[in-house]
Asks: 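Here it is: the structure, laid out below.
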Amino acid sequence: MILVENLRKTFKVREKTGGKTGFSLKRKTRKVHALDGVSFSINKGELVGYIGPNGAGKSTTVKILSGILVPDSGTCVVDGLVPWKKRIAHVRKIGVVFGQRTQLFWDLPVIDTFDLLGEIYRLDKMEYKRTKDRLIAAFGIEKLLPVPVRQLSLGQRMKCELACSLVHEPSILFLDEPTIGLDAVSKLTVRDLIRKTNRESGTTVILTTHDLDDIEALCPRILIIQEGRILFDGAIENLRRKISGERRLIIDLKDSKDRITDSFVTVIEQNGPRVHLSFDPAKIHPADLIKRIIENHPVMDIFVENPPIEEIIARFYATL
């Protein structure tokens, strides 16, 4: 579905210059390598997370994939088309949602944006109605259609944004921070809608976000970019194994004064009766460790989990 080979893109950035007065007529620029040989491929129907720090090259990549920017060199083919060479045909195949921008018309009812997009994409009337009705039912937004966009909550607006981005049935969906600013309930709803779109419609999804909980919840595969270069391409579990085989054990003790001392564990922190431990499953099986602790300490509850994804990513960057 997407093939990217050795993409390079350089921007000239103007720098401030000045003498004693802080002002100069001379203009000085420096080159910033936004993309420095980026290569990857994405198969049809994949849901891929694309992550990295600010300025890493994520937005530049997405803008090239969507046909907005032209790279300095390299190859990019999206669903059989070179995006910047066949822009009109290309945009018919893609949908884009920006969490901090909107394609909905602020003072108009939501249904007006649906109808306008149907005209923009020159959709067959009957086909458009079938698709629109299906999306409205799937996203549960029937009651929102007559409401002006400015009166919607952020969560309601994002549901409508997603539905509108799919009205022309794109084969690829680019999502940029789709859950930014959402409350916990709205965030879970939007995640479910993204997952449903990917699984039921077979839509290829590229998700760029700083919310790593979204990445872990949705993306079987991630791409990590920094300073214009892809540093990791694979499953989150492979990244975990690469960085650390550590597991976590959270224990609620009956006695808050009790202390756990065991050669197989490291105490990360203890807040009253709750103790956070780390251990290496290669040295002791979780079941054996739990048995050892229960035999020596009165326990109310036990949880086994992986280290947070934020911590794994932070460790990954620290190894560079």
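FYI, side chains are in, hydrogens and waters are out, and symmetry mates aren't considered; it's all heavy atoms of this structure. Values in this document were obtained by computation on a predicted structure and should not be read as measured data.
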Asks: Would a 4.5 Å heavy-atom cut-off, applied to side chains only, mark Asp112 and Pro109 as touching?
Replies: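 Asp112 reaches Pro109 side chain to side chain.
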Asks: Should Arg157 and Leu154 be marked as a side-chain contact (heavy atoms from CB on, under 4.5 Å) after you check the CA-CA gap, both sets of side-chain angles, and the distance that decides it?
Replies: CA-CA 5 Å; Arg157 180 168 67 78; Leu154 184 57; 3.1 Å; yes
Asks: Nearest 0.5 Å, what's the CG-CD1 distance between Asp214 and Ile51?
Replies: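 Nearest 0.5 Å value for the CG-CD1 distance: 11.5 Å.
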Asks: Spell out, as yes or no, whether a donor-acceptor pair under 3.5 Å connects the side chain of Ser153 to the backbone of Gln156.
Replies: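 Checking the backbone N and O of Gln156 against the side chain of Ser153, a donor-acceptor pair under 3.5 Å is found.
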Asks: If you take all heavy atoms of Val147 and Gln151, which pair is closest and at what distance?
Replies: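 Nearest pair, atom of Val147 first, then Gln151: CG1-CB, 3.8 Å.
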Asks: Given Asp176 and Val96, is the side-chain contact (heavy atoms from CB on, under 4.5 Å) satisfied, shown in steps?
Replies: CA-CA 8 Å; Asp176 183 25; Val96 182; over 6 Å; no
Asks: By the rule that ILVMFWY residues connect when side-chain heavy atoms come within less than 4.5 angstrom, directly or transitively, which residues belong alongside Met300?
Replies: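 In the cluster with Met300 there is nothing else; it is isolated.
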Asks: Scan residues 79-98 for pairs that pass side chain to side chain donor-acceptor pair (under 3.5 Å), counting only residues two or more places apart or in two chains.
Replies: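 For residues 79-98: Asp79-Ser171.
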Asks: Looking at every non-hydrogen atom in both residues, tell me the closest pair between Phe11 and Ala34 and how far apart they are.
Replies: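 Nearest heavy atoms, Phe11 then Ala34: CE1-CB, 3.5 Å.
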Asks: So Thr209 and Tyr50, side-chain contact (heavy atoms from CB on, under 4.5 Å) or not? Walk me through it.
Replies: CA-CA 7 Å; Thr209 180; Tyr50 194 39; over 6 Å; no
Asks: Any side-chain heavy-atom pair from Val149 and Phe105 closer than 4.5 angstrom?
Replies: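 Not touching, per the 4.5 Å side-chain cut-off.
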Asks: Once side-chain contact (heavy atoms from CB on, under 4.5 Å) is applied, do any residues pair with Ser59, and if so which ones, sequence neighbours excluded?
Replies: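 Listed in chain order: nothing, the list is empty.
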Asks: Using only atom types and a distance under 3.5 Å, with no angle test, would you say the side chain of Ser66 pairs donor to acceptor with the backbone of Lys63?
Replies: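 Present.
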Asks: CD1/Ile302 to CD1/Ile293 distance, rounded to the nearest 0.5 angstrom?
Replies: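 Ile302 atom CD1 to Ile293 atom CD1 measures 6.0 Å (nearest 0.5 Å).
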Asks: Check step by step if side-chain hydrogen bond (donor to acceptor under 3.5 Å, both in side chains) holds for Ser165 and Gln103.
Replies: CA-CA 9 Å; Ser165 70; Gln103 65 181 326; 4.8 Å; no
Asks: Around atom CZ of Arg191, are there more than 12 heavy atoms from other residues, nucleotides or ligands closer than 6.0 Å?
Replies: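 More than 12 within 6.0 Å, yes.
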Asks: Using the side-chain contact (heavy atoms from CB on, under 4.5 Å) rule, pick out the option among Leu231, Leu35, Thr208, Thr60 that qualifies with Ile225.
Replies: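 The side-chain contact (heavy atoms from CB on, under 4.5 Å) with Ile225 is passed solely by Leu35 among Leu231, Leu35, Thr208, Thr60.
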Asks: Do other residues, nucleotides or ligands put more than 12 heavy atoms under 6.0 Å from the CZ atom of Arg259?
Replies: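 Yes, because the 6.0 Å sphere around CZ of Arg259 holds more than 12 heavy atoms from other groups.
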Asks: Closest heavy-atom contact between Leu104 and Cys164?
Replies: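 Looks like CD2-SG, 3.6 Å.
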Asks: Not counting sequence neighbours, which residues clear side-chain contact (heavy atoms from CB on, under 4.5 Å) with Tyr317? List them please.
Replies: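 Partners of Tyr317 under the side-chain contact (heavy atoms from CB on, under 4.5 Å) test: Pro53, Ile224, Gln226, Ile313, Leu320.
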Asks: Could Asp192 and Arg195 be called an ion pair, given the rule that one side-chain N must be under 4.0 Å from one carboxylate O?
Replies: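 Judged by the 4.0 Å cut-off on N to carboxylate O distance, Asp192 and Arg195 do form a salt bridge.
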Asks: Taking side chain as C-beta onward, heavy atoms only, is Asp258 less than 4.5 Å from Ile260?
Replies: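 No, too far: nothing below the 4.5 Å cut-off.
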Asks: Would you please test Gln270 and Arg274 for side-chain contact (heavy atoms from CB on, under 4.5 Å) and show each step?
Replies: CA-CA 6 Å; Gln270 179 165 355; Arg274 173 157 290 192; over 6 Å; no
Asks: Let me check something: any side-chain donor-acceptor pairs from residues 40-47 under 3.5 Å, sequence neighbours excluded? List them with distances.
Replies:
{"from": "Glu46", "atom 1": "OE1", "to": "Asn43", "atom 2": "N", "distance (Å)": "2.8"}
{"from": "Glu46", "atom 1": "OE1", "to": "Arg221", "atom 2": "NH1", "distance (Å)": "3.0"}
{"from": "Glu46", "atom 1": "OE2", "to": "Arg221", "atom 2": "NH1", "distance (Å)": "3.3"}

Asks: Measure the CG-CG distance between Leu193 and Leu166 for me, rounded to the nearest 0.5 Å.
Replies: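 One gets 9.5 Å once the value is rounded to the nearest 0.5 Å.
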Asks: One thing to verify: whether Arg240 and Glu237 come together as a salt bridge, which I'm taking to mean a side-chain N less than 4.0 angstrom from a carboxylate O.
Replies: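 Result for this pair is yes, salt bridge flagged.
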Asks: Determine the minimum heavy-atom distance between Pro83 and Cys76, stating which atoms define it.
Replies: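 Smallest interatomic distance, heavy atoms only, reads CD-O, 3.5 Å.
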Asks: Check the pair Glu161 / Arg101 against salt bridge (Lys or Arg N to Asp or Glu O under 4.0 Å), numbers first and verdict last.
Replies: CA-CA 10 Å; Glu161 292 275 6; Arg101 302 174 189 172; over 6 Å; no
Asks: Only one of Leu175, Ile222, Val97, Asn198 forms a side-chain contact (heavy atoms from CB on, under 4.5 Å) with Leu207, so which one is it?
Replies: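 The passing option is Leu175.
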Asks: According to ring pair (Phe, Tyr, Trp, His ring centres under 6.0 Å), does anything in residues 144-192 pair up with another residue at least two apart or in another chain? List the pairs.
Replies: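 Only Tyr121-His168 qualify under ring pair (Phe, Tyr, Trp, His ring centres under 6.0 Å).
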Asks: Flag the pair Val110 / Leu152 as yes when at least one side-chain heavy-atom distance between them is below 4.5 Å, and no otherwise.
Replies: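 Heavy-atom side-chain distance check passes, below 4.5 Å.
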Asks: Under the rule for side-chain contact (heavy atoms from CB on, under 4.5 Å), what residues qualify as partners of Arg292, not counting sequence neighbours?
Replies: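 In terms of side-chain contact (heavy atoms from CB on, under 4.5 Å), with neighbours along the sequence ignored, Arg292 is linked to Asp262, Ser263, Phe264, Ile284.
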Asks: Taking only residues two or more places apart in sequence or in another chain, which ones pass side-chain contact (heavy atoms from CB on, under 4.5 Å) with Arg8?
Replies: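 Listed in chain order: Asn6, Asp36, Ser73.
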Asks: Quick one: closest heavy-atom pair of Gly95 and Pro170, and the distance?
Replies: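 What the structure gives for the nearest pair is N-CB, 3.5 Å.
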Asks: Under 3.5 Å, which donor-acceptor pairs do the side chains of residues 132-146 form with other protein atoms, sequence neighbours left out?
Replies:
{"from": "Asp133", "atom 1": "OD2", "to": "Lys129", "atom 2": "NZ", "distance (Å)": "2.9"}
{"from": "Arg134", "atom 1": "NH2", "to": "Glu169", "atom 2": "OE2", "distance (Å)": "3.4"}

Asks: From Ile309 CD1 over to Leu212 CG, what is the distance, rounded to the nearest 0.5 angstrom?
Replies: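 These two atoms lie 6.0 Å from each other.
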Asks: Taking distance alone, no hydrogens or angles, what donor-acceptor pairs closer than 3.5 Å link side-chain atoms of residues 242-251 to residues at least two apart or in another chain?
Replies:
{"from": "Ser244", "atom 1": "OG", "to": "Glu246", "atom 2": "N", "distance (Å)": "3.0"}
{"from": "Ser244", "atom 1": "OG", "to": "Arg315", "atom 2": "NH1", "distance (Å)": "3.3"}
{"from": "Glu246", "atom 1": "OE1", "to": "Arg315", "atom 2": "NH1", "distance (Å)": "3.2"}
{"from": "Glu246", "atom 1": "OE1", "to": "Arg315", "atom 2": "NH2", "distance (Å)": "2.9"}
{"from": "Glu246", "atom 1": "OE2", "to": "Arg248", "atom 2": "NE", "distance (Å)": "2.5"}
{"from": "Glu246", "atom 1": "OE2", "to": "Arg248", "atom 2": "NH2", "distance (Å)": "3.2"}
{"from": "Arg247", "atom 1": "NE", "to": "Asn306", "atom 2": "OD1", "distance (Å)": "3.3"}
{"from": "Arg248", "atom 1": "NH2", "to": "Glu311", "atom 2": "OE1", "distance (Å)": "3.2"}
{"from": "Arg248", "atom 1": "NH2", "to": "Glu311", "atom 2": "OE2", "distance (Å)": "2.5"}

Asks: Side-chain heavy atoms under 4.5 angstrom apart, residues restricted to Ile, Leu, Val, Met, Phe, Trp, Tyr: same cluster for Val70 and Val32?
Replies: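 Val70 does not cluster with Val32.
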Asks: Hey, could you give me the OG1/CG distance between Thr10 and Asp72, rounded to the nearest 0.5 Å?
Replies: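 Nearest 0.5 Å value for the OG1-CG distance: 5.0 Å.
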Asks: Just grab all the ring pair (Phe, Tyr, Trp, His ring centres under 6.0 Å) pairs involving residues 269-316, residues at least two apart or on different chains.
Replies: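 Found none.
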Asks: Rounded at 0.5 Å granularity, tell me how far NE2 in His33 sits from CZ in Arg229.
Replies: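 CZ of Arg229 is found 9.0 Å from NE2 of His33.
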Asks: Would you say the side chain of Met158 lies within less than 4.5 Å of the side chain of Pro178, judging by non-hydrogen atoms?
Replies: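 SC-SC contact between Pro178 and Met158 confirmed.
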Asks: Using a side-chain heavy atom cutoff under 4.5 Å and only I, L, V, M, F, W and Y, what cluster partners does Leu81 have?
Replies: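 Cluster partners of Leu81: none, it stands alone.
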Asks: Applying side-chain hydrogen bond (donor to acceptor under 3.5 Å, both in side chains), run through Asn238 and Arg241 and close with a yes or a no.
Replies: CA-CA 5 Å; Asn238 292 342; Arg241 286 193 290 269; 2.3 Å; yes
Asks: Taking all heavy atoms of Leu117 and all of Val167, pick out the closest pair and write down the distance.
Replies: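 Scanning both residues completely, I find the closest heavy atoms to be CB-CG1, 3.9 Å.
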